[in-house]
Protein chains: 2
Amino acid sequence: MQETPKQESLFTAIADVQRRKILNLLKQGEMSVAEIKAHFEFSGATLSHHLSILKGAELIRVRRQGQQRIYTLNLSVLEEMMLLMNRLLGKD
Amino acid sequence: MQETPKQESLFTAIADVQRRKILNLLKQGEMSVAEIKAHFEFSGATLSHHLSILKGAELIRVRRQGQQRIYTLNLSVLEEMMLLMNRLLGKD
DNA sequence: CATATATTTAGATTATCATCTAATTATCTA
DNA sequence: TAGATAATTAGATGATAATCTAAATATATG
C-alpha cells in the first residue's frame, strides 16, 4: 500500500521533539502563539516554523483573534494518524 | 510527562520513509539482509545504516544464521510504540 | 494616522542525516 | 588455509532541517 504525501507529512511533523512537545501542550486546550512560546526557549521565528509544519500536516488548526492567532489540536487528523500507525505497525 | 531517549529513538526511526518501507516489508516475515536489499535501490551500506537505526529503536531484532543475518519485527516494541502514539495524540 | 503588539516571512548559518565508495570483519567451503 | 560470500563499519559528501536575526505584515489603539 502506497504512502501519500499527506501521510508523509504526518511522520515528518512528529519526528521533531519540539513539535511533539507543542502537541502535548495543546492537549491542555487552545493557546495563542505567545502562550505556547512561554513554554520554550527558542525564538518566535522558530516556533512559527514548527507551527507551520504542524499545520501543514493538519495536526493543528489556527484561527485569528484580534492580533493573536489561536492554535488548537485537530483531533480528526490525530485519529487518522493513529490509523496510519496501526497500518505501519500492525498485522493487517 | 517526560520523553525518554528510547522513545525519542522510536520517533526518529519511523521518521524516514525507507525505514518505514523496511518495517512494512518485514511484516511479511523474517528476512536476510540480502532479501531486504532486493526491494530497494540504495547500497548495502545504506541499508545496514537503516537497519542499525531500527535495531537501536528495538523495532527489529537480528539473529545470525551462517554468514547471513536474519531480521524480524519486534512486536512488543511495536505495541509500545502504539501506546506512545496514543499518549502523544490521545486525550488522557 | 502613528505607534505598539503579535506573528510570520526572508535569508543565512549550523547541525543532522541519508547516502555513497572503500575497507573491514565474519563465516563458509573447496 | 585461501578465496568467496554476507554484512557492517569508516569516512566523506550532499541534502534536509532546525535555528537565528532582521524585516515584513497585520491588527489594535491613543
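All chains are named by letter (A, B, ...) in the order of the sequence lines, taking the proteins before the strands, and each is independently numbered beginning at 1. Every value quoted in this text rests on a predicted model; they were computed, and no experiment measured them.
Among all heavy-atom pairs drawn from B:Ile60 and B:Leu51, the shortest one is CD1-O, 3.6 Å. Heavy-atom minimum distance, B:Leu10 versus B:Ala57: CD2-O, 3.5 Å. When every heavy atom of A:Phe42 is checked against every heavy atom of A:Lys37, the shortest pair comes out as O-NZ, 3.7 Å. Of all heavy-atom pairs spanning B:Ala13 and B:Leu59, the tightest one is CB-CD1, 3.8 Å. Closest of all the heavy-atom pairs between A:Leu25 and A:Met31 is O-CE, 3.5 Å.
Residue-level contact check: A:Gly44 touches the bases, meaning some heavy atom is under 4.0 Å from a base atom.
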Can you give one letter per nucleotide of nucleotides 11-16 of chain D, 5' to 3': B if a protein heavy atom sits under 4.0 Å from the base, S if only from the sugar-phosphate, - if neither?
-> ------
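The hydrophobic clustering, which links ILVMFWY residues whose side-chain heavy atoms are closer than 4.5 Å, places B:Ile53 and A:Phe11 apart.
By the ring pair (Phe, Tyr, Trp, His ring centres under 6.0 Å) test, B:His49 is found to be paired with no residue, residues two or more places apart in sequence or in another chain being considered.
Rounded to a whole Å, the CD1 atom of B:Ile70 is 14 Å from the C1' atom of C:dT27. If you measure from atom CD1 of B:Ile14 to atom C1' of C:dC17, you get 16 Å, rounded to the nearest angstrom. A straight line from CZ of B:Arg63 to C1' of D:dT8 spans 19 Å, rounded to a whole angstrom. Rounded to whole Å, atom P of D:dA18 lies 12 Å from atom CD of B:Glu8. The distance from atom CD1 of A:Ile60 to atom P of C:dT7 is 13 Å, rounded to the nearest whole Å. Between the CG atom of A:Asp16 and the P atom of D:dA17 there is a distance of 11 Å, rounded to whole Å.
Residues of residues 29-42 of chain B having a heavy atom closer than 4.0 Å to DNA chain C, listed by number: B:Phe42. Using a 4.0 Å cutoff on non-hydrogen atoms, the parts of residues 46-58 of chain B near DNA chain D are B:Ser48, ordered by number.
Between A:Arg19 and the phosphate of D:dA18, there is a side-chain N or O to OP1/OP2 separation shorter than 4.0 Å. Contact annotation: B:Arg64 side-chain N/O to D:dA7 OP1/OP2 distance is not under 4.0 Å. Of the side-chain N and O atoms in A:Tyr71, none sit less than 4.0 angstrom from OP1 or OP2 of C:dA6. Of the side-chain N and O atoms in B:Gln18, one or more sit less than 4.0 angstrom from OP1 or OP2 of C:dT19.
Using a distance-only test at 3.5 Å, with no hydrogens or angles considered, a donor-acceptor pair links the side chain of B:Ser9 to the main chain of B:Lys6.
Residue pairs meeting the salt bridge (charged side-chain N to carboxylate O under 4.0 Å, His left out) criterion with at least one member in residues 10-20 of chain B, sequence neighbours excluded, are A:Glu3-B:Arg20, A:Glu8-B:Arg20. Counting only residues at least two apart or on different chains, the side-chain hydrogen bond (donor to acceptor under 3.5 Å, both in side chains) pairs with a member in residues 58-73 of chain A are A:Glu30-A:Arg63.
Ranking D:dT27, C:dC20, C:dT8 by closeness to the B:Ser43 side chain, first place goes to C:dC20. Taking every side-chain heavy atom of A:Gln67 into account, D:dA28 is the closest of D:dA4, D:dA18, D:dA28.
Side-chain atoms of A:Asn24 and A:Lys21 form no donor-acceptor pair, as typed in the model, at a separation below 3.5 Å.
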Evaluate the criterion side chain to side chain contact (heavy atoms under 4.5 Å, CB included) for residue pair A:Ile36 and A:Leu47; output intermediate values, then yes/no.
-> CA-CA 8 Å; A:Ile36 299 171; A:Leu47 176 54; 3.9 Å; yes
